[in-house]
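A quick write-up on the structure given underneath.
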Amino acid sequence: MNLLTIFLGIPGGYQIVIVLVVILLLFGGKKIPELMKGLGSGIKEFKDASKADEDTTDKVEDKK
């Protein structure tokens, strides 16, 4: 197996496990839920903002 294929190819089971272990070592077990909560709220805010942008776009198009 080529080293370039390992890093640029589709991640397999071992690679995902290694990434998860590295994340656990870097952030610790207590910080991960806080990080996921922040990520979830960021995604929610992004979706709300994009929905609000679509609503204003629809209103502008209706006036034309």
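Count residues from 1 along the sequence.
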Linking I/L/V/M/F/W/Y whenever their side-chain heavy atoms sit closer than 4.5 Å, directly or via other members, would Val19 and Leu26 fall into one cluster? yes
Please tell me whether Leu20 and Ile18 are part of a single hydrophobic cluster in this structure, the criterion being side-chain heavy atoms less than 4.5 Å apart. no
In residues 34-44, what donor-acceptor pairs under 3.5 Å come from side-chain atoms, sequence neighbours left out?
residue, atom, partner, partner atom, Å
Ser41, OG, Lys37, O, 3.4
Ser41, OG, Gly38, O, 2.9

With a cutoff of under 4.5 Å between side-chain heavy atoms, which Ile, Leu, Val, Met, Phe, Trp and Tyr residues group with Val17? Val21, Leu25
For Phe46, the other hydrophobic cluster members (4.5 Å side-chain criterion, sorted by chain and number) are none
